2 protein chains.
Amino acid sequence: MDTNENMEEAIEVLQQLGLKEYEARCFVGLSRLHSGTAKKLSEMTEVPRTRVYDAVRVLESQGLVEVQHSSPQEFRAVSLEEATETLRDQYEARVERLENTLGSVDIVDEGDDTPIQQVWALSGQSGIENRTDQLIEEATDEVVLVIGDESLLTEDLVDSLNEVVSNGVTLIIGALTESLEDQIQTKVPDATTFITGLEWLRSENATEDETAIGRLLLIDRSTILVSSITPGSKEEQAIFGEGFGNGLVVLARRLMAQGLVPAHDPGQ
Amino acid sequence: MDTNENMEEAIEVLQQLGLKEYEARCFVGLSRLHSGTAKKLSEMTEVPRTRVYDAVRVLESQGLVEVQHSSPQEFRAVSLEEATETLRDQYEARVERLENTLGSVDIVDEGDDTPIQQVWALSGQSGIENRTDQLIEEATDEVVLVIGDESLLTEDLVDSLNEVVSNGVTLIIGALTESLEDQIQTKVPDATTFITGLEWLRSENATEDETAIGRLLLIDRSTILVSSITPGSKEEQAIFGEGFGNGLVVLARRLMAQGLVPAHDPGQ
DNA sequence: TGAGAAGTCACCCGATTAATCACAAAAAGG
DNA sequence: CCTTTTTGTGATTAATCGGGTGACTTCTCA
C-alpha cells in the first residue's frame with residue numbers, strides 16, 4: 001500500500017545487499033518504470049543526473065538493469081524475479097567460494113590450554129538458531145527445550161527436533177502459552193510438552209528492565225544454551241556452556257530439578 | 001594445500017560478503033585456532049591488537065564468533081558449516097524482504113513511448129543466465145540455442161529446456177565441439193543438435209582481438225540474445241532484442257538461413 | 001547555426017575505516 | 001605488597017570511499 005515507505009525500505013535492503021545508495025535508488029526507480037532516461041530517473045530518485053550513468057553502469061554489470069545504447073540512452077530494470085534470482089546466485093557463489101577456501105586452510109591450533117569452565121557468548125538471531133539446531137542434532141539422550149516466543153519455532157528447528165526424536169532421544173519441550181504448546185504438539189508429536197511461566201526468572205531480578213527469555217536448551221544434561229531478547233532492539237543474545245561439570249550447566253540442572261520442568265524425574 | 005593463498009582469498013570473499021577487512025582477517029584467523037586471545041590473533045592476522053576487540057565484537061553480533069568474557073577474554077569462530085548457514089540465512093532474509101517491499105511498490109510508468117527498435121545490453125554471468133532461462137520458458141514455438149562454452153550448460157538451463165520441450169516447442173541446439181554435443185544429447189534428449197564452427201563470426205572480423213562467443217538464443221524467431229565472453233576478464237556481455245521486425249532479430253534470421261543451422265527449413 | 005539536452009570528467013567534502021597512540025585496569029610474579 | 005607486564009578502552013590521525021556539484025564536450029533538433 002504505502003509505496004513511499006516500501007521504496008525507502010527497498011533502498012535500504014538493497015544497500016545491505018551490497019549496493020551503494022545511488023545504485024539502490026536507481027534500481028528502485030527503474031523498477032517503477034518500464035524504461036526511463038537519465039533525466040527522468042534523476043528527477044524521480046533524487047540522484048544527481050550526472051551520477052545516474054555511473055550507478056546504472058554498475059547495475060548493468062551486475063545483471064540488474066539493461067541499457068539501450070541510443071541517444072538518449074534508455075535504462076530498464078530486469079524483472080523482480082530475475083533480480084532476486086541473480087542476487088541469490090551471486091551470493092551463493094560467494095558462500096561456496098568461502099566454503100572451499102576456508103575449508104582447506106590448515107588449522108594451526110596452538111593448543112590453547114584452558115580445559116576449564118567455559119561459558120561462551122554469541123548473539124544474532126540466525127547464528128543462535130543455527131547453533132540451537134546443531135546442538136539438538138548432536139543429542140544422544142535427552143533434549144530439554146523451552147521456547148519463549150512463537151517466532152522461534154522455525155521450520156529448521158522442527159526438522160531438527162523430529163530428526164533427533166526418531167533416534168530415540170527423549171524430547172521435553174516447554175512453551176509460554178497454550179497456543180504455542182498446541183503448535184508444538186502438532187508439529188513435533190513425539191515430544192512431551194508443558195507450560196512454564198517465567199516466575200523463576202522474574203523472582204530473581206524483578207527490578208531489572210524487562211528482558212524477555214528467548215530459548216533455553218539443555219542437551220544430555222551437559223550442554224546448555226540460554227538466550228534472551230532485548231525488547232527494544234529485538235537483538236537476541238545467548239550464552240552457551242559445555243561439560244557436565246560446567247557451572248552454568250550445573251545451575252541449569254538445579255533449576256530444572258526445582259520445578260522449571262514440572263514433575264519430570266531426572267533419569268540419573 | 002596452499003593455505004596462505006586460500007586465506008587471502010577467504011578474506012577477500014568475506015569482504016564481498018559485507019565484512020570489513022579487520023573483521024574478515026579476524027574471522028579467518030580464528031578459523032585456524034580452536035580458540036585464541038586478542039594478542040595471539042593480532043600476531044597471526046596482522047590486525048592491530050587494540051582493534052581486534054572491535055572487529056570480534058562485530059563478528060559476534062553477526063553470529064560468526066563466540067566470546068568468552070574472561071580475562072584475558074577468548075574468542076573462537078563458529079564452525080564453517082554454522083558460519084555459511086548463518087550467512088545464507090541472513091542473505092535470504094534480505095532478499096525476501098526485497099521481494100516484499102519492491103513487489104508492492106506501484107508502477108508509475110510514464111508511458112515512455114518508443115515502441116520502436118530496441119536493443120538492450122546487459123552483462124554479468126548470472127544475470128544473463130537468468131534471462132536466458134526465462135526467455136526459453138516463455139517460448140511457444142521454437143527455441144534455437146547455440147552454446148559456446150561447456151560451462152554455460154548449467155543445471156537450470158537444462159531444466160528450462162526440458163520443461164519447454166515438453167510443451168511441444170521445437171528445440172534446436174548447437175554446440176562447438178562434439179563432446180559438448182554429446183552432453184547436450186544426453187541431458188536434453190528431445191532436442192535436435194548440431195555442430196557449428198564459428199566461421200561466420202570469424203570471417204567478419206578476423207583482425208579483431210578474440211572475443212569468444214558465449215550463447216546465441218533465438219526464441220520463436222522474434223526474440224534474440226547473443227552474448228560474448230571477453231577472454232581476459234571472463235566477463236560475459238550480452239545484447240538482447242525483441243520483436244519480429246527488430247533489426248537484430250532480422251539479422252539473426254538471415255544468419256540462420258545462410259547456414260548457421262545447417263539444413264534446417266524455416267517453417268514459415 | 002544556435003540553444004538546449006545528453007553524456008563525460010574532474011573535483012570537493014564529509015563520512016567511514018584503517019592505523020597509531022595514550023592511558024587505566026587488571027593479572028602476574030617476585 | 002609493590003613492580004612489571006599484559007589487557008582492554010578510548011581518543012586521535014591518516015587514508016580511502018562515496019555522496020554531491022559544476023565545468024565542459026558532444027549530440028539533437030528546431
Side-chain angles (χ1 to χ4, degrees), chain A residues 8 11-30 33 35-62 65-76 110 112-114 116-117 120-121, chain B residues 8 11-12 14-30 33 35-62 65-76 110 112-114 116-118 120-121:
Chain A
E8 286 307 317
I11 291 170
E12 234 176 73
V13 177
L14 281 166
Q15 284 182 270
Q16 291 176 357
L17 291 170
L19 298 190
K20 304 305 170 198
E21 184 186 330
Y22 284 172
E23 294 156 19
R25 301 191 90 86
C26 282
F27 182 76
V28 173
L30 282 175
L33 254 37
S35 87
T37 64
K39 187 177 185 193
K40 198 177 289 181
L41 241 195
S42 164
E43 288 162 358
M44 135 175 282
T45 61
E46 305 189 345
V47 173
R49 185 186 60 84
T50 60
R51 285 314 208 71
V52 168
Y53 301 98
D54 313 271
V56 165
R57 211 162 285 136
V58 173
L59 289 171
E60 197 255 8
S61 79
Q62 306 221 1
V65 312
E66 302 166 88
V67 178
Q68 186 173 19
H69 292 287
S70 48
S71 181
Q73 36 190 171
E74 296 228 344
F75 315 119
R76 74 179 188 194
E110 313 222 348
D112 245 43
D113 32 17
T114 55
I116 30 167
Q117 300 248 352
W120 297 89
Chain B
E8 287 305 318
I11 291 169
E12 235 175 69
L14 281 167
Q15 285 182 271
Q16 291 177 358
L17 291 171
L19 297 190
K20 305 303 170 198
E21 184 185 331
Y22 283 172
E23 294 157 18
R25 301 192 89 86
C26 282
F27 182 75
V28 173
L30 282 175
L33 253 38
S35 86
T37 64
K39 187 177 185 193
K40 199 178 288 181
L41 243 194
S42 164
E43 288 162 357
M44 135 176 282
T45 61
E46 303 189 346
V47 173
R49 185 186 61 84
T50 59
R51 301 281 85 206
V52 168
Y53 300 99
D54 310 74
V56 165
R57 210 162 285 137
V58 173
L59 289 171
E60 197 257 7
S61 79
Q62 307 221 5
V65 313
E66 301 166 89
V67 178
Q68 187 174 20
H69 292 288
S70 49
S71 183
Q73 36 190 180
E74 296 229 343
F75 315 119
R76 74 179 188 194
E110 314 223 347
D112 245 44
D113 34 14
T114 55
I116 32 169
Q117 300 248 351
Q118 296 194 331
W120 298 89

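All of these numbers come straight from a predicted model, not from anything done at the bench. Worth knowing before you read on, the calculation uses all heavy atoms, side chains too, and leaves out hydrogens, waters and symmetry mates. Lettering of chains follows the sequences in order, A, B, ..., and the numbering in each one begins at 1.
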Point to revise | Heavy-atom closest contact (B/Ser42 atom, B/Pro48 atom, distance) | key: OG-C, 3.9 Å
Study note, to complete from the structure: Here the pair of heavy atoms bringing B/Ala24 nearest to B/Ile11 is CB-O, 3.7 Å
Which nucleotide in [options] has an atom nearest any side-chain atom of [X]:
X       : options               : answer
A/Tyr22 : D/dT9, C/dA19, D/dG20 : D/dG20
B/Pro72 : C/dA6, C/dC11, D/dG8  : D/dG8
B/Ala38 : C/dG7, D/dG8, D/dT9   : D/dG8

Under-3.5 Å N/O pairs linking protein and nucleotides 15-18 of chain D:
{"residue": "D/dG18", "atom": "OP1", "partner": "A/Lys20", "partner atom": "NZ", "Å": "2.9"}

Review point. In a check of side chain to side chain contact (heavy atoms under 4.5 Å, CB included) between A/Thr37 and each of A/Gln73, A/Glu74, A/Gln68, which one passes?
Key: A/Glu74
**Study point:** Protein-nucleotide distance (B/Lys40, atom NZ; D/dT7, atom P), rounded to Å
**Key:** 10 Å
Review point. CD of A/Glu23 versus P of D/dG20: gap in Å, rounded?
Key: 13 Å
Review point. Does B/Arg57 make a side-chain N or O approach to OP1 or OP2 of D/dT9 shorter than 4.0 Å?
Key: yes
**Study point:** For DNA chain D, stems built from three or more consecutive Watson-Crick or G-U wobble pairs below 3.5 Å
**Key:** C:1-11 with D:20-30, C:13-30 with D:1-18
Study note, to complete from the structure: Assert: residue with more 5' nearest nucleotide on DNA chain C, out of B/Glu46 and A/Gln73, is A/Gln73
Exercise for review: Name the residue closer to the 5' end of DNA chain C, choosing between A/Lys39 and B/Arg49 according to the nucleotide with the nearest heavy atom.
Suggested key: A/Lys39
Point to revise | A/Thr50 (side chain) and C/dG7 (base): donor-acceptor pair under 3.5 Å | key: no
